**Q** 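Just passing along the structure, written as structure tokens.
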Amino acid sequence: MIRLGLCCLFRDQPIKFVTTTATSIGKMKRPDALAKLSRLCLENADALLAALQFCANHDIGCFRVNSQILPIKTHPTCGYEVDDLPEQDEIVRRFKECGAFVKKHALRTCFHPDQFVVLNSPRPDVVEKSVQELEYQGEVAEWIGADVINIHGGGAYGDKQKALADFARNLDLLSPRVKSRLTVENDDKIFTPADLLPICEATGIPLVYDVHHHRCNPDRLNVEQTTRQALATWDREPMFHISSPIEGWKGPKPERHHDFIDVEDFPQCWRRKTITVEVEAKAKELAVGKLLAELQRLQEPKPSRRKA
């Protein structure tokens with residue numbers, strides 16, 4: 001069974017997540033700032049439940065949660081602990097209600113932290129900030145039952161093998177609740193599946209195989225080989241990514257995402273697997289719905305032709 005995933009936002013549905021800026025919060029007295037942040041967290045918990053309800057009603061099996069679901073949570077001057085918020089208990093209760101809904105409806109949730117999360121940075125302050133962000137998302141992941149916090153390998157910094165070793169070593173900085181959910185994804189510029197698979201096998205961190213990135217940044221492995229090896233890194237339902245280039249594969253920037261998915265870009269070898277495939281497309285819920293319908297049509301048995 002293929003479970004398609006929606007990433008963070010909606011195009012047409014009136015389901016919105018709210019945020020704020022450190023500039024705005026920094027101008028407020030701390031009690032007023034915490035009251036505002038508390039209200040925003042509650043609004044986002046309600047929006048998440050609405051998003052999950054939409055997914056359950058439209059055969060969308062997975063929802064990626066926005067990294068700012070608790071706005072500016074880890075900001076160096078305006079950040080906060082959930083215990084600091086005046087409605088902390090209600091915030092946690094509402095997010096746990098989302099987790100109960102996920103479990104009841106056999107959905108899946110995940111996180112994909114922002115690009116500033118770089119575990120193998122040569123700068124200790126960047127690594128520290130990355131760990132803080134991952135720990136915050138791990139806390140929310142516990143509330144809602146998310147089983148994936150997916151990151152990229154980071155930079156090469158002139159020595160790809162050393163960078164990968166630094167990535168593996170810095171996994172020890174993470175708490176068990178984060179490390180047990182952590183996954184790593186191949187990217188379209190630096191780390192290919194062939195680069196990451198040995199690290200996955202050595203550390204037990206699963207590979208989220210992004211086939212679009214692999215087509216932009218190829219290696220010695222083909223799609224079928226990579227799929228097989230990526231599946232073997234998982235101890236739970238595997239998660240992959242799909243997207244299509246906005247100007248086609250021969251366009252000037254094939255790494256840029258289209259509004260929708262060309263069903264021909266969906267690998268044949270994925271089509272009868274039990275996997276989650278996150279749909280990274282600008283049309284959001286419309287793109288997921290369109291791909292779902294096209295995949296279902298492809299799987300429908302063709303009527304046999306009888307001789308007259």
Side-chain angles (χ1 to χ4, degrees), residues 2 4-11 62 64-68 110-121 126 130 148-160 163-164 167 183-197 199-200 205-227 229-230 233 238-271 275-288 290-291 294-295:
I2 294 172
L4 294 185
L6 173 62
C7 298
C8 302
L9 302 172
F10 292 82
R11 199 189 81 168
C62 180
R64 181 192 295 176
V65 180
N66 191 304
S67 293
Q68 288 298 311
C110 62
F111 287 86
H112 194 358
D114 295 324
Q115 294 294 327
F116 67 79
V117 172
V118 183
L119 271 186
N120 70 345
S121 173
V126 172
S130 299
V148 168
I149 301 174
N150 181 47
I151 62 174
H152 291 283
Y157 307 110
D159 187 340
K160 188 179 282 191
L164 288 169
F167 175 91
T183 63
V184 65
E185 174 191 348
N186 59 297
D187 62 75
D188 58 5
K189 293 287 193 298
I190 301 172
F191 292 115
T192 69
D195 294 324
L196 295 175
L197 279 164
I199 295 295
C200 294
I205 301 299
L207 178 69
V208 171
Y209 176 33
D210 189 311
V211 70
H212 186 155
H213 288 168
H214 194 198
R215 288 163 173 159
C216 294
N217 184 23
D219 54 24
R220 57 180 171 78
L221 300 173
N222 61 32
V223 172
E224 291 76 14
Q225 292 169 326
T226 306
T227 296
Q229 293 187 42
T233 66
M239 180 177 288
F240 294 165
H241 288 177
I242 187 73
S243 45
S244 290
I246 192 169
E247 296 174 290
W249 290 108
K250 295 183 180 179
K253 293 183 177 180
E255 68 274 10
R256 295 175 61 213
H257 291 183
H258 199 288
D259 287 359
F260 293 92
I261 304 298
D262 182 343
V263 73
E264 295 300 317
D265 288 334
F266 199 98
Q268 287 277 355
C269 61
W270 291 10
R271 295 185 185 180
I275 55 175
T276 297
V277 180
E278 287 197 286
V279 177
E280 297 187 324
K282 295 179 181 178
K284 298 298 181 180
E285 76 274 19
L286 301 186
V288 179
K290 180 174 181 289
L291 179 59
E294 290 176 342
L295 289 173

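Computed from a prediction, not measured in an experiment: that's the story for all the values here. The basis for the numbers below is simple: all heavy atoms, side chains too, and nothing from hydrogens, waters or symmetry mates.
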**Q** Does N217 reach the main-chain N or O of D187 with its side chain, forming a donor-acceptor pair under 3.5 Å?
**A**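 Yes, N217 side chain to D187 backbone: donor-acceptor pair under 3.5 Å.
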**Q** Quick one: are T183 and I149 in side-chain contact, heavy atoms under 4.5 Å?
**A**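 A side-chain contact under 4.5 Å is absent here.
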**Q** For the OG atom of S67 and the CZ atom of F116, what is their distance to the nearest 0.5 Å?
**A**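 If I round to the nearest 0.5 Å, the distance is 7.0 Å.
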**Q** Looking only at atom types and distance, does a side-chain atom of H212 sit under 3.5 Å from a main-chain N or O of P254, one as donor and one as acceptor?
**A**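 Such a contact is found between H212 side chain and P254 backbone.
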**Q** Tell me the closest heavy-atom pair linking C216 and W249, and the distance in Å.
**A**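 Closest heavy-atom pair between C216 and W249: SG-CZ3, 4.1 Å.
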**Q** Would you check, one step at a time, whether the test side chain to side chain contact (heavy atoms under 4.5 Å, CB included) holds for D259 with L286?
**A** CA-CA 9 Å; D259 287 359; L286 301 186; over 6 Å; no
**Q** If you measure only the distance, is there a donor-acceptor pair under 3.5 Å linking the side chains of D219 and H214?
**A**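 Result is yes, a qualifying pair exists.
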**Q** Show, in sequence, the C-alpha distance, side-chain angles and deciding distance for I246 and H257, and conclude whether the side chain to side chain contact (heavy atoms under 4.5 Å, CB included) test is met.
**A** CA-CA 5 Å; I246 192 169; H257 291 183; over 6 Å; no
**Q** When rounded to the nearest 0.5 angstrom, what is the spacing between CD1 in I261 and NZ in K290?
**A**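 One gets 9.0 Å once the value is rounded to the nearest 0.5 Å.
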**Q** CD of E285 to CZ of F10: how many Å apart, nearest 0.5 Å?
**A**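 Interatomic distance, E285 CD to F10 CZ, rounded to 0.5 Å: 6.0 Å.
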**Q** May I ask you to test the D265-V211 pair for a side-chain heavy-atom distance under 4.5 Å?
**A**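 Side-chain contact under 4.5 Å: no.
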**Q** For residues R11 and A283, report the shortest heavy-atom separation together with the two atoms involved.
**A**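 In this case the closest contact between R11 and A283 is CB-O, 3.8 Å.
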**Q** How about F167 and I151: do any of their side-chain heavy atoms sit closer than 4.5 Å?
**A**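 The answer is yes; the side chains approach within 4.5 Å.
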**Q** Over all heavy atoms of both residues, which pair between L4 and I2 is shortest? Give the atoms and the distance, please.
**A**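 It is CD2-CG2, 3.8 Å.
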**Q** May I ask you to say whether R64 pairs ionically with E280, meaning some side-chain N is under 4.0 Å from a carboxylate O?
**A**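 A salt bridge links R64 with E280.
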**Q** Measure the CG-OG1 distance between N186 and T226 for me, rounded to the nearest 0.5 Å.
**A**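 So the CG of N186 and the OG1 of T226 are separated by 8.0 Å.
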**Q** If the plane angle is over 60° it's perpendicular, under 30° parallel, otherwise tilted; pick one for F240 and Y209.
**A**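 F240 vs Y209 ring planes: perpendicular.
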**Q** Do the side chains of P267 and I242 get nearer than 4.5 Å, heavy atoms only?
**A**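 A side-chain contact under 4.5 Å exists here.
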**Q** Got a donor-acceptor contact below 3.5 angstrom from the N120 side chain to the G153 backbone?
**A**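 Present.
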**Q** On the 0 to 90° scale, with breaks at 30° and 60°, tag the F266-W270 ring pair as parallel, tilted or perpendicular.
**A**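 Answer is perpendicular, since the angle exceeds 60°.
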**Q** Should V279 and L6 be marked as a side chain to side chain contact (heavy atoms under 4.5 Å, CB included) after you check the CA-CA gap, both sets of side-chain angles, and the distance that decides it?
**A** CA-CA 6 Å; V279 177; L6 173 62; over 6 Å; no
**Q** Any side-chain to backbone donor/acceptor pair from K253 onto P245? Under 3.5 Å, distance only.
**A**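 Answer holds: no.
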**Q** Is the shortest heavy-atom distance from the side chain of L295 to the side chain of V263 under 4.5 Å?
**A**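 They are in contact (side-chain heavy atoms under 4.5 Å apart), so the answer is yes.
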**Q** Roughly how far, to the nearest 0.5 Å, is CG of D210 from NE2 of H152?
**A**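 Atom-to-atom, H152:NE2 and D210:CG are 7.5 Å apart.
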**Q** Got H241 and N150 here, is their nearest side-chain heavy-atom distance under 4.5 Å?
**A**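 Yes; the side chains approach each other to less than 4.5 Å.
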**Q** Which atom pair, heavy atoms only, marks the closest approach of N222 to Q225?
**A**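 Heavy atoms of N222 and Q225 come nearest at OD1-N, 2.7 Å.
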**Q** To the nearest 0.5 Å, what is the distance between CD on Q229 and SG on C200?
**A**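 Here the interatomic distance stands at 10.5 Å.
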**Q** Any side-chain to backbone donor/acceptor pair from R256 onto S244? Under 3.5 Å, distance only.
**A**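 Not a single qualifying donor-acceptor pair exists.
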**Q** Do K282 and H258 come close enough that some side-chain heavy atom pair is under 4.5 Å?
**A**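 No. Closest side-chain heavy atoms not under 4.5 Å.
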**Q** With heavy-atom distances below 4.5 Å as the criterion, would you say the side chains of V208 and V184 are in contact?
**A**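 No. Closest side-chain heavy atoms not under 4.5 Å.
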**Q** For the residue pair P193 and L207, what are the closest heavy atoms and their distance?
**A**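 In this case the closest contact between P193 and L207 is CB-CD2, 4.3 Å.
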**Q** Which atom names give the shortest non-hydrogen contact between V117 and P113, and what distance separates them?
**A**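 Heavy-atom minimum between the residues: CG2-CB, 3.7 Å.
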**Q** Tell me if a side-chain donor or acceptor on S121 pairs with a main-chain N or O of V118 at a distance below 3.5 Å.
**A**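 Looks like no, no N/O pair under 3.5 Å.
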**Q** Quick one: do the H112 and E185 side chains pair a donor with an acceptor below 3.5 Å?
**A**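 Indeed, the side chains of H112 and E185 share at least one donor-acceptor pair under 3.5 Å.
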